[in-house]
Asks: 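What follows is a single structure, and I will ask about it in a moment.
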Amino acid sequence: PATILPRPTASIVLAPAFSHLSQTAQAPSTELVNGVNTHVFTFFSAYVGAISTSLTANVEVEVGEVVFTSNVGNVNTELRLASVPNGGSSTIAGLNWEILGTNRANLTALTYGPNSSNSALGYEGYSFVPLSVTLPVKFLSFYALKTGDDAKLNWTVENDEDNASFDIERSTDGRSYTRFATVKAFENGKSVNTYNGNDSRLSGLNAKTIYYRIKQLDKSGTAIYSPIRTLNVGSTGSASLFPNPARSITKLVVDAPSNGKGSIVLRDATGKQAMMVNTNFVKGINQLDLNVSALASGEYNVTIIGEGLTQTLKMSKIN
């Protein structure tokens, strides 16, 4: 739909067996299709002579891929492979296969696949098939908190529908990581989900600092990694700040022992109060964004006060 702005850009990448085809990409147009103002992208490829791969009836062959390089909106409901009436403003008949100048397309069955729709008018009608696109999992947050001699890990991801599992990895030197736990994906149909993990007996690792990361695996076997979080084994830990040093925004994560009012006080190296934020904590994990952009560069003490909770963290402010 033309309501998707900025307007997407796209290009076609031909499969190796068809890389010799000439191709022309028409400038994207905006036109009315079935009463909907729509962005339309047209690609035209042609070759005269023998092709370098064999074609067998009823056997799928990948010719190429269309690659979008910017916003495509809700790709699972709004992106379609379509043949618009009479080729639309480009006047190029969609999904048209010609061999030696003879049209080989089935005019009344141009599109195949789940929920495809074909017009009996052929190229004079509107035929389409929705395109289902799998988006990679995106880490919205990830943090590590120390509770006693354990580490509590929590992460939230987006585009979780095709996720298979998470490997929790740790390192004591920041270079070599080892998987110590696996968390299966919820597979509950939700796009956004929050997961938890635990690492027990940190003192037994004989390290002052422990590094954590999450390796996400989707159902196709593709893997991505979360940002890395560090934990100071010697800390008393029910709160953490990241990034630290901070330039503009730092996220404060607090594991509150109970519900109640709370406050966050920032003091500079001389003890002078530089910022105060009043809040309400809920029992368990709380996340707050602290805007420190107006603070002068230097070292600050961040004191968190709540019901059954008093803790001070060190924060560095950089410009």
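Side chains are part of it too, since the values below use all heavy atoms of this structure and drop only hydrogens, waters and symmetry mates. Being a predicted model, the structure only gives us computed values, none of them experimental. By convention here, the first residue in the shown sequence is residue 1.
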Asks: To check you understand the geometry: which heavy-atom pair defines the closest contact between F142 and P227, and what is its length?
Replies: CD2-O, 3.3 Å
Asks: Of all residues at least two apart in sequence or in a different chain, which pass the ring pair (Phe, Tyr, Trp, His ring centres under 6.0 Å) check with Y126?
Replies: F128
Asks: Can you tell me which residue pairs pass the side chain to side chain donor-acceptor pair (under 3.5 Å) test with a partner in residues 55-65, sequence neighbours excluded?
Replies: none
Asks: Indicate yes or no: at least one non-hydrogen side-chain atom of T108 is less than 4.5 angstrom from one of N118.
Replies: no
Asks: Kindly state each residue pair satisfying salt bridge (charged side-chain N to carboxylate O under 4.0 Å, His left out) with at least one member in residues 256-267, sequence neighbours excluded.
Replies: none
Asks: Would you please name every residue forming a salt bridge (charged side-chain N to carboxylate O under 4.0 Å, His left out) with R175, sequence neighbours left out?
Replies: D173
Asks: Give a yes or no on whether N115 atom CG has more than 12 heavy-atom contacts from other residues, nucleotides or ligands under 6.0 Å away.
Replies: no
Asks: Do any pairs count as a salt bridge (charged side-chain N to carboxylate O under 4.0 Å, His left out) and have a residue in residues 14-34, sequence neighbours left out, and if so which ones?
Replies: none
Asks: Using a strict threshold of under 4.0 Å (side-chain N to carboxylate O), is an ion pair present between R170 and D199?
Replies: yes
Asks: Does any part of the side chain of Y112, heavy atoms only, come nearer than 4.5 Å to the side chain of N106, both counted from C-beta?
Replies: yes
Asks: Mind checking ring pair (Phe, Tyr, Trp, His ring centres under 6.0 Å) for F41 and listing every partner two or more places apart, or none if nothing turns up?
Replies: F68
Asks: Rounded at 0.5 Å granularity, tell me how far CD1 in I228 sits from CD1 in I214.
Replies: 11.0 Å
Asks: Mark yes or no for whether S119, through its side chain, and L121, through its backbone, hold a donor-acceptor pair below 3.5 Å.
Replies: yes
Asks: Please identify each residue that fulfils salt bridge (charged side-chain N to carboxylate O under 4.0 Å, His left out) with K317, with sequence neighbours left out.
Replies: none
Asks: Flag the pair W155 / Y143 as yes when their ring centroid distance falls below 6.0 Å, and as no otherwise.
Replies: no
Asks: Would you indicate whether the side-chain heavy atoms of N244 and S316 approach each other to under 4.5 Å?
Replies: yes
Asks: What closest approach, in Å, do N198 and A151 show between heavy atoms, and which atom pair accounts for it?
Replies: OD1-O, 3.0 Å
Asks: Do you know which two heavy atoms are closest between D149 and S203, and how far apart they sit?
Replies: OD2-OG, 2.8 Å
Asks: Could you go through V253 and I285, starting from their C-alpha distance and side-chain angles, then the distance that decides it, and tell me whether this counts as side-chain contact (heavy atoms from CB on, under 4.5 Å)?
Replies: CA-CA 7 Å; V253 181; I285 300 301; 4.1 Å; yes
Asks: Please answer: with hydrophobic residues joined when any side-chain heavy atoms are less than 4.5 Å apart, are V277 and M315 in the same cluster?
Replies: yes
Asks: Examine distances only and state if a side-chain atom of N259 and a backbone atom of K283 form a donor-acceptor pair shorter than 3.5 Å.
Replies: yes
Asks: Please identify each residue that fulfils side-chain contact (heavy atoms from CB on, under 4.5 Å) with S248, with sequence neighbours left out.
Replies: S293
Asks: Report yes or no: does N159 contribute a side-chain atom to a donor-acceptor pair with the main-chain N or O of K138 at less than 3.5 Å?
Replies: no
Asks: Return the minimal non-hydrogen interatomic distance between L241 and K314, and the atom names on each side.
Replies: CD1-O, 4.3 Å
Asks: Can you give me the closest heavy-atom contact between P243 and I249, atom names plus distance?
Replies: CD-O, 3.6 Å
Asks: What residues, two or more places apart in sequence or in another chain, satisfy side-chain contact (heavy atoms from CB on, under 4.5 Å) together with P1?
Replies: T3, I4, E78
Asks: Starting at OG1 of T312, measure out to CD1 of I304 and round the result to the nearest 0.5 Å.
Replies: 7.0 Å
Asks: Would you check, one step at a time, whether the test side-chain hydrogen bond (donor to acceptor under 3.5 Å, both in side chains) holds for D160 with S191?
Replies: CA-CA 5 Å; D160 199 33; S191 177; over 6 Å; no
Asks: Could you tell me whether Q287 atom CD has more than 12 heavy atoms of other residues or ligands within 6.0 Å of it?
Replies: yes
Asks: Any chain of hydrophobic side-chain contacts (each under 4.5 Å) joining L288 to L309?
Replies: yes
Asks: Can you list every pair that meets salt bridge (charged side-chain N to carboxylate O under 4.0 Å, His left out) and has a residue in residues 179-188, with sequence neighbours left out?
Replies: E187-K219
Asks: Mind checking whether V66 and L81 sit in one hydrophobic cluster, side chains of I, L, V, M, F, W, Y counted as touching below 4.5 Å?
Replies: yes
Asks: Any link between Y212 and V183 through a network of hydrophobic side chains (Ile, Leu, Val, Met, Phe, Trp, Tyr) touching at under 4.5 Å?
Replies: yes
Asks: Looking at D255 and K152, does any basic side-chain N land under 4.0 Å from a carboxylate oxygen?
Replies: yes
Asks: Is there a side-chain contact between N37 and T30 in this structure, where contact means two heavy atoms from C-beta onward sitting under 4.5 Å apart?
Replies: yes
Asks: Just how far is it from atom CG of L266 to atom OH of Y300, taken to the nearest 0.5 Å?
Replies: 8.0 Å
Asks: Are V254 and F281 side-chain neighbours, meaning at least one heavy-atom pair lies under 4.5 Å?
Replies: yes
Asks: Evaluate L131 against R80 for side-chain contact (heavy atoms from CB on, under 4.5 Å), listing each step before the verdict.
Replies: CA-CA 5 Å; L131 301 183; R80 295 179 172 188; 5.7 Å; no
Asks: Using the side-chain hydrogen bond (donor to acceptor under 3.5 Å, both in side chains) rule, take S263 and N278 through it: C-alpha gap first, then chi angles, then the decisive distance, then the call.
Replies: CA-CA 4 Å; S263 61; N278 292 317; 4.7 Å; no
Asks: Decide yes or no for Y211 and E169: does some side-chain heavy atom of the first lie under 4.5 Å from some side-chain heavy atom of the second?
Replies: no
Asks: Please round to the nearest 0.5 Å and tell me the distance separating atom CD of E158 and atom CG of N163.
Replies: 13.0 Å
Asks: Taking a hydrophobic cluster as the set of Ile, Leu, Val, Met, Phe, Trp and Tyr residues connected by side-chain heavy atoms closer than 4.5 Å, whether directly or through intermediates, do L313 and M275 fall within one such cluster?
Replies: yes
Asks: To the closest 0.5 Å, what do you measure between CD1 (I264) and CG (L252)?
Replies: 5.5 Å
Asks: For the residue pair P85 and E124, what are the closest heavy atoms and their distance?
Replies: CB-O, 3.5 Å
Asks: Run the side-chain contact (heavy atoms from CB on, under 4.5 Å) test on L205 and V233 for me, step by step, so that the C-alpha distance in whole Å, both residues' side-chain angles and the decisive distance to 0.1 Å come before the verdict.
Replies: CA-CA 9 Å; L205 298 174; V233 176; over 6 Å; no
Asks: Can you pull out every salt bridge (charged side-chain N to carboxylate O under 4.0 Å, His left out) where at least one residue sits in residues 287-300? Sequence neighbours excluded, please.
Replies: K251-D289
Asks: Please report the C-alpha distance between S297 and I318 in whole Å, then the side-chain angles of each, then the deciding distance to 0.1 Å, and finally whether the side-chain contact (heavy atoms from CB on, under 4.5 Å) criterion is met.
Replies: CA-CA 5 Å; S297 59; I318 57 176; 5.6 Å; no
Asks: Are any side-chain N or O atoms of N193 and backbone N or O atoms of T156, one a donor and one an acceptor, separated by less than 3.5 Å?
Replies: no
Asks: Between N286 (side chain only) and V282 (backbone N and O only), is there a donor and an acceptor less than 3.5 Å apart?
Replies: yes
Asks: Enumerate the ring-ring contact (aromatic ring centres under 6.0 Å, His included) contacts for residues 172-192, please, sequence neighbours excluded, ordered by first and then second residue.
Replies: F186-Y195
Asks: How long is the straight-line distance from NZ of K215 back to CD1 of I224, given to the nearest 0.5 Å?
Replies: 11.5 Å
